[in-house]
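This report refers to the structure that appears directly beneath it.
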Number of protein chains: 2
Amino acid sequence: MKIPKAIQNLIEAFERLPGIGPKTAQRLTFYLLHVPQLELDRFAQALENLKKETILCSVCFTIGEEDPCSICSDKQRDSSIICVVEHPLDVLALEKNGKYHGAYHVLHGRIDPLNNIGPDEIYIEQLLERIRNNAGIKEIILATNPTMEGEATAMYIHKQIKQIVQNGHQLKITRIGRGLPVGADLEYADEVTLQRAMEGRSEY
Amino acid sequence: MKIPKAIQNLIEAFERLPGIGPKTAQRLTFYLLHVPQLELDRFAQALENLKKETILCSVCFTIGEEDPCSICSDKQRDSSIICVVEHPLDVLALEKNGKYHGAYHVLHGRIDPLNNIGPDEIYIEQLLERIRNNAGIKEIILATNPTMEGEATAMYIHKQIKQIVQNGHQLKITRIGRGLPVGADLEYADEVTLQRAMEGRSEY
């Protein structure tokens, strides 16, 4: 007995997603066989419209419904501070917190030579362009992830910005704080985190 | 900043799937933003057609492309043996093995009172009807899972079949073998499995 083509197609579509193996793909597909057609149609519609109804902001490159995005066009926000992150999800995480009122710049990745991603594959040049054209920018917060690739990306961007900044332009470049996360246990923290935590200590 | 509606819709669709939480749903959705529209359309198409292009076999209730399914309409197979399983995926697992040449009966679930699934919610009555109408059936293999619910379902079906079998009808009812799986370690096997393995021992 062969698996019906319609089922096989959906299993293969699920398998192509990251972190979903053949067994999970099968399980999800057979689960969906018991779901009303209306819900399947709604799911299909959401997939089809995903990219049609979203757009990259031409200023900060986050994903939104308009261009410029709701953050870049918000006059209440301080556009003299730019927080540089790897992914649109990072913007959502920071926005959920709600304490940050500056602008963003989404790189859509990080420099990762092992996966053939160089500085030109992500939106670094666009960030530099933004700094060059806007002398009002006061601070760049490098908020790439504290991973090896994220640190290397932050370092590279720092170097590039240093090169283009004009003498008169007062521009501060900062790195997001690294140390022990809330609820962590000193005993179980890895060496590098501990070292960063000591380096990043602040006055009490 | 609010998540764009198109993204929110897809996240919610993924969240409704079993075993997929909010974080995974977000991750999958943002991954799909980087996938070509053609692939999204193909995924959507597979979802829409899933139920339209498949049908329940009216004999054994497995999911296939025709009715009766390719197994039930195969004259080479021995329709006097019926293997009763919980899910269509179980049929696929047994068919992949390729050693079994009888027919199937898919219950589409098991008796599970804690989840409000009684004998009438699954295809038990249809199995009994099949046995009543076909005096040629020689063996029923109860291959529900060796879980508490699967055992209870097997026990219930066994009792029901006993009640309807005519005096003249020579019908054997068997339960799929339970014991240690290949590659297992006696030391780490649980008590019930060990007990079943002892009960199910065969002559060497």
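In this text, all values refer to a predicted model and were calculated from it rather than measured experimentally. Order of the sequence lines fixes the chain letters, A, B, ..., with proteins taken first and strands second; residue numbering starts at 1 for each chain.
- Your options are A:I7, A:L33, A:I20, and the one with the most heavy-atom pairs under 4.5 Å with chain B is A:L33.
- Of all non-hydrogen atoms in B:P36 and A:K51, the two that sit nearest each other are CA-NZ, 4.0 Å.
- For chain B, the option among A:T24, A:T54, A:N49 with the highest count of heavy-atom pairs below 4.5 Å is A:T54.
- Contact annotation for A:I11: neither backbone nor side-chain heavy atoms come within less than 4.5 Å of a heavy atom of chain B.
- In this structure, A:E199 places its CD atom where more than 12 heavy-atom neighbours from other residues, nucleotides or ligands lie under 6.0 Å away.
- Residue A:Q45 does not touch chain B at all, counting heavy-atom pairs closer than 4.5 Å.
- Applying the side-chain contact (heavy atoms from CB on, under 4.5 Å) test between A:L47 and each of B:T29, B:L32, B:V35, B:D41 identifies B:L32 as the sole match.
- Per-residue counts of heavy-atom pairs under 4.5 Å with chain B were compared for A:N9, A:D74, A:L28; the largest is that of A:L28.
- Between the side chain of B:E53 and the backbone N or O of A:K5 there is no donor-acceptor pair closer than 3.5 Å.
- Nearest heavy atom pair, residue A:P4 against residue B:E65, reads CB-CG, 3.6 Å.
- Residue A:Q170 qualifies as open at atom CD: its count of foreign heavy atoms under 6.0 Å is 12 or below.
- With a 4.5 Å cut-off on non-hydrogen atoms, A:F43 touches chain B through its backbone and its side chain both.
- At a threshold of 4.5 Å between non-hydrogen side-chain atoms, the residues B:E48 and A:L40 do not count as touching.
- Contact count versus chain A (heavy atoms, under 4.5 Å) is highest, among B:H87, B:R16, B:E12, for B:R16.
- Heavy-atom distances place the side chain of A:H108, and not its backbone, under 4.5 Å from chain B.
- When each of B:R42, B:K96, B:K52, B:E66 is checked for heavy-atom pairs under 4.5 Å with chain A, B:K52 comes out on top.
- The local environment of CD in A:Q163 is crowded, with over 12 non-hydrogen atoms from other residues, nucleotides or ligands closer than 6.0 Å.
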